[in-house]
2 protein chains.
Amino acid sequence: MSRISLEERKQKVLQIVIHHYIRTGKPVGSETIIEKNKLEVSPATVRNILAALEREGYLTHPHTSSGRVPTDKGYRFYVDSLMQLQQLTQEEEQRIEKEYESQRGALDSVMQETSKMLSMLSHYTGFVLTPSPAVDHLKRLELVKLDRDRILAVLVTDAGLIRHKIMEIDQDVNSTELVSINRLLNKNVYGISVNDIGAEIFKRLQQEKNKQIKYVNIMEKLVQQAFALDEEGELYLEGASNILSQPDFADYDKVRNIFKVIDEKKMLCELLEEKVGHEGTKVIIGEETPCKELQECSIVTSTYRAGDRTLGALGIIGPKRMEYSKMIALVDYFSKLINKTLSRPAKELKREPRKK
Amino acid sequence: MSRISLEERKQKVLQIVIHHYIRTGKPVGSETIIEKNKLEVSPATVRNILAALEREGYLTHPHTSSGRVPTDKGYRFYVDSLMQLQQLTQEEEQRIEKEYESQRGALDSVMQETSKMLSMLSHYTGFVLTPSPAVDHLKRLELVKLDRDRILAVLVTDAGLIRHKIMEIDQDVNSTELVSINRLLNKNVYGISVNDIGAEIFKRLQQEKNKQIKYVNIMEKLVQQAFALDEEGELYLEGASNILSQPDFADYDKVRNIFKVIDEKKMLCELLEEKVGHEGTKVIIGEETPCKELQECSIVTSTYRAGDRTLGALGIIGPKRMEYSKMIALVDYFSKLINKTLSRPAKELKREPRKK
DNA sequence: AATTAGCACTCTAGGTAATAGAGTGCTAAT
DNA sequence: ATTAGCACTCTATTACCTAGAGTGCTAATT
């Protein structure tokens with residue numbers, strides 16, 4: 001009587017299993033499937049379908065006499081084709097927006113706040129990877145004298161990142177000299193990516209070669225030390241303890257491994273920086289991750305950008321059995337929100353010369 | 001035949017029990033005590049002593065037929081009276097010293113590195129609480145114009161902390177004006193604690209009242225925004241996952257609670273800031289902590305200072321069953337090391353006028 | 001040819017029982 | 001005051017049982 005084609009029904013069953021499993025965490029049996037979803041077929045039929053789905057790799061058995069559980073492939077298909085995207089509730093959106101209003105500070109603190117909120121709203125672990133300053137463009141560069149032999153360099157990037165670095169110098173510079181170096185630099189520095197800045201400064205220095213050797217010397221130091229930002233971006237990570245609340249992670253060894261990765265943020269940074277290239281919200285499910293300690297997890301991540309440059313990544317880490325539809329919506333929302341936030345100061349900047 | 005007085009022998013037994021328990025984690029029985037320590041008494045005698053120690057509250061039974069385990073009171077007595085302080089091995093000291101050499105950067109990164117090393121060497125969780133900038137004295141203050149309506153204030157404190165804050169202003173200031181404000185401030189600002197700076201600037205401003213109103217306005221903003229450093233110090237915390245490797249924390253609920261506290265650094269900050277007043281290395285054992293989630297832990301902490309001002313705290317968090325003697329030595333060593341590091345730049349500063 | 005009823009089979013989770021071993025506490029002897 | 005001796009208690013491990021959940025297969029049904 002049902003007009004559903006075989007393939008369609010298969011998908012429906014798969015969808016029911018995954019959905020149910022995500023909610024309950026218990027393997028799903030044939031009877032349950034029928035009960036909850038008024039399918040007009042017998043358990044036996046469902047069992048056949050389940051067996052087929054298992055043969056094709058979308059489901060497994062923990063053991064002979066238990067219900068089905070999704071495999072990574074199953075989740076993947078669900079995320080790609082079966083799941084329908086949710087929207088955040090208005091209440092949630094308001095809550096986020098409100099928190100953002102009060103947080104009109106430096107970029108770093110916005111990012112930190114964002115990772116906290118991601119964690120809070122998802123009940124998983126939230127993270128934000130700030131841009132490696134190297135990728136970003138330079139907006140201001142300030143040199144401040146600390147002692148006889150140390151200068152503080154403060155970099156402000158286009159996106160609003162602020163980084164500082166202490167340089168050691170071997171010849172004294174008085175503050176007047178410093179001011180003119182500073183002025184010289186700021187004339188030459190604007191809008192260049194931090195990466196290219198060393199080369200660029202030297203090039204421009206050629207043209208102004210009538211300057212004193214001392215300056216050149218300082219500049220060299222500057223390039224060597226201040227812009228040798230080996231760092232990858234900062235990783236803000238919040239709500240790690242949420243992992244422990246997940247019944248999926250009852251196994252001690254698994255949890256320990258996950259925490260080891262989270263603890264050493266470096267690994268995660270690398271993993272995420274790979275993703276920074278890609279546009280849009282992505283889901284990494286279980287073994288799809290390059291990092292084997294996270295094979296029991298899924299990661300939902302997106303990127304953010306200012307104008308055309310992709311700057312960083314953000315997202316959540318949780319168990320494979322997560323509410324993907326909701327999480328994707330959440331991460332997506334934050335990604336867009338940050339994009340909006342980042343494009344705001346740029347506008348004000350352009351207004352400046354006119355006003356003056 | 002043994003000339004040991006009763007009390008002395010009791011202490012010896014207590015010491016053996018705790019020592020052994022710290023090493024093995026297994027309850028200690030009467031036979032074990034004799035075996036390992038060539039005491040010339042019978043098991044029965046030892047049992048009597050154990051019973052007495054238990055009556056007095058230094059030991060307990062997990063259950064009737066198991067050996068003894070120290071109570072918090074037992075550990076406390078051990079730490080205060082029984083334990084003999086260890087020294088770090090030369091190898092360890094060298095390893096630390098070497099790591100420090102390469103890390104000659106800003107204070108924050110030194111602190112972060114320190115917490116990492118504390119964690120690595122202890123195999124527990126290491127932390128460093130940086131000074132609340134409010135406590136520290138101001139060394140330099142730099143204002144950098146970002147946009148038409150935003151100024152970046154960079155604070156450098158005496159100890160080497162660097163903090164920045166973005167201020168929003170409602171009237172335009174051109175860079176020349178900013179430079180003179182800056183100069184004015186730096187003349188007045190040196191050596192004052194960040195806490196008192198608001199009042200102080202206003203006071204001095206009175207004296208120079210022949211300045212423009214605009215300046216006063218900016219100053220006000222400055223005081224309101226840049227020095228409203230509500231923050232407590234930063235807390236660097238590393239090696240949280242080490243907690244999971246401790247067999248003592250096999251209980252899931254306990255661990256979850258501990259992690260919740262660690263995750264929300266705020267609670268820990270408060271706990272530690274209380275301790276900042278006190279001098280020297282302190283041990284907090286189990287229920288001695290004000291924070292009930294940490295009742296299964298012990299904390300070894302010390303403070304560090306520059307000159308006479310205590311600035312921050314550092315230490316480790318581990319299970320109650322920890323090698324106190326070693327841990328105390330470790331924390332102590334780092335405390336002294338940081339003290340030394342902090343007093344170094346001050347010296348160089350004094351050398352300056354002479355050299356010139 | 002797809003669906004279904006029926007049934008044997010498998011595996012888990014939970015409970016009970018039995019046993020060995022560790023360590024105590026007490027009593028009476030030294 | 002110390003100790004030998006012994007009964008006692010509790011744990012940890014193993015083995016075994018049972019109920020229940022859910023499957024997979026075969027043969028009957030539509």
Side-chain angles (χ1 to χ4, degrees), chain A residues 1-14 16-18 20-21 24-71 74 247 250-251, chain B residues 1-14 16-18 20-21 24-56 58-71 247 250-251:
Chain A
M1 60 216 74
S2 60
R3 208 50 53 77
I4 308 176
S5 82
L6 204 154
E7 271 307 310
E8 232 174 284
R9 202 176 54 185
K10 239 183 187 168
Q11 294 194 6
K12 177 112 197 235
V13 169
L14 180 54
I16 292 171
V17 171
I18 297 185
H20 196 267
Y21 183 68
T24 66
K26 308 265 171 243
V28 189
S30 51
E31 310 260 9
T32 325
I33 293 175
I34 296 168
E35 271 172 45
K36 303 274 165 178
N37 291 73
K38 58 201 170 165
L39 284 191
E40 284 157 341
V41 281
S42 75
T45 314
V46 174
R47 279 206 289 281
N48 285 333
I49 301 175
L50 289 174
L53 283 167
E54 177 155 3
R55 237 173 291 125
E56 293 163 36
Y58 295 103
L59 297 173
T60 1
H61 264 155
H63 54 263
T64 345
S65 75
S66 82
R68 294 321 205 283
V69 157
T71 60
D251 183 350
Chain B
M1 63 216 71
S2 60
R3 207 48 54 75
I4 308 178
S5 82
L6 203 156
E7 272 307 311
E8 233 174 284
R9 202 176 51 185
K10 239 183 187 169
Q11 295 194 6
K12 177 113 197 232
V13 170
L14 180 56
I16 293 170
V17 171
I18 296 185
H20 195 267
Y21 183 69
T24 66
K26 308 265 171 246
V28 189
S30 50
E31 310 259 10
T32 324
I33 295 175
I34 295 168
E35 271 173 42
K36 303 274 164 173
N37 292 73
K38 59 203 169 164
L39 285 191
E40 283 159 341
V41 280
S42 77
T45 314
V46 174
R47 280 205 289 279
N48 286 332
I49 301 174
L50 288 175
L53 283 168
E54 178 156 2
R55 238 172 290 127
E56 293 163 37
Y58 296 103
L59 297 174
T60 1
H61 265 152
H63 54 263
T64 345
S65 76
S66 83
R68 293 323 203 282
V69 159
T71 60
D251 183 350

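A straight line from NE2 of His20(B) to P of dA22(C) spans 14 Å, rounded to a whole angstrom. With rounding to whole Å, His61(B) atom NE2 is found 13 Å from dT11(D) atom C1'. Distance, Glu8(A) CD to dA2(C) P: 17 Å, rounded to whole Å. Spacing between atom CZ of Arg68(A) and atom P of dA21(D) amounts to 17 Å, rounded to whole angstrom units. Remark: C1' of dT3(C) and CG of Leu39(A) are 14 Å apart, rounded to the nearest angstrom. Nucleotide dA1(D) holds its C1' atom 14 Å from the NZ atom of Lys10(B), rounded to whole Å.
To the nearest 0.5 Å, atoms CG (Leu53(B)) and OG1 (Thr60(B)) are separated by 11.5 Å.
Residues meeting the side-chain contact (heavy atoms from CB on, under 4.5 Å) test with Lys26(A), sequence neighbours left out: Thr24(A). Remark: Thr45(B) engages Ser42(B) in a side chain to side chain donor-acceptor pair (under 3.5 Å) (not counting sequence neighbours). Every residue two or more places apart in sequence or in another chain that forms a salt bridge (Lys or Arg N to Asp or Glu O under 4.0 Å) with Glu56(B) is listed here: Lys10(B). Looking at residues two or more places apart in sequence or on another chain, you find a side-chain contact (heavy atoms from CB on, under 4.5 Å) between Ile16(B) and Lys12(B), Ile33(B), Asn37(B), Leu39(B). With sequence neighbours excluded, the residues satisfying side chain to side chain donor-acceptor pair (under 3.5 Å) with Glu54(B) are Arg68(B). By the salt bridge (Lys or Arg N to Asp or Glu O under 4.0 Å) test, Glu31(B) pairs with no residue at all, sequence neighbours left out.
Within residues 44-53 of chain A, the residues that place at least one heavy atom under 4.0 Å from DNA chain C are, in residue-number order, Ala44(A), Thr45(A), Arg47(A), Asn48(A). Listed by residue number, Gly29(A), Ser30(A) are the residues of residues 27-35 of chain A with a heavy-atom contact under 4.0 Å to DNA chain D.
Summarising the geometry of Gly67(B) relative to Pro62(B), their closest heavy-atom pair is O-CD, 3.5 Å, with the distance given to 0.1 Å. Closest approach of Pro70(A) to Leu59(A), counting heavy atoms only: CA-CD2, 3.8 Å. Closest approach of Val69(B) and Tyr21(B) over heavy atoms only: CG2-CE1, 3.8 Å. Taking each heavy atom of Gly57(A) and Thr71(A) in turn, the nearest pair found is O-OG1, 2.7 Å.
Judged by distance alone, the side chain of Ser30(B) and the main-chain N or O of Val46(B) form no donor-acceptor pair under 3.5 Å.
Mapped onto DNA chain D by nearest heavy atom, Ser42(B) and Gly67(A) fall at different nucleotides, with Ser42(B) at the one closer to the 5' end.
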Notebook entry, point to check: So what does the secondary structure string of DNA chain C come out as, 5' to 3', with Watson-Crick or wobble pairs under 3.5 angstrom, [ ] for crossing and | for pairs with another strand?
Noted result: ||||||||||||||||||||||||||||||
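Within the structure, the ring-ring contact (aromatic ring centres under 6.0 Å, His included) test picks out the following pairs touching residues 27-59 of chain A (sequence neighbours left out): Tyr58(A)-Phe77(A).
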Enumerate all atom pairs, one protein N or O and one N or O from nucleotides 8-11 of chain C, separated by less than 3.5 Å.
residue	atom	partner	partner atom	Å
dT10(C)	O3'	Thr64(A)	OG1	3.2
dC11(C)	O5'	Thr64(A)	OG1	3.3
dC11(C)	O2	Ser65(A)	OG	2.9

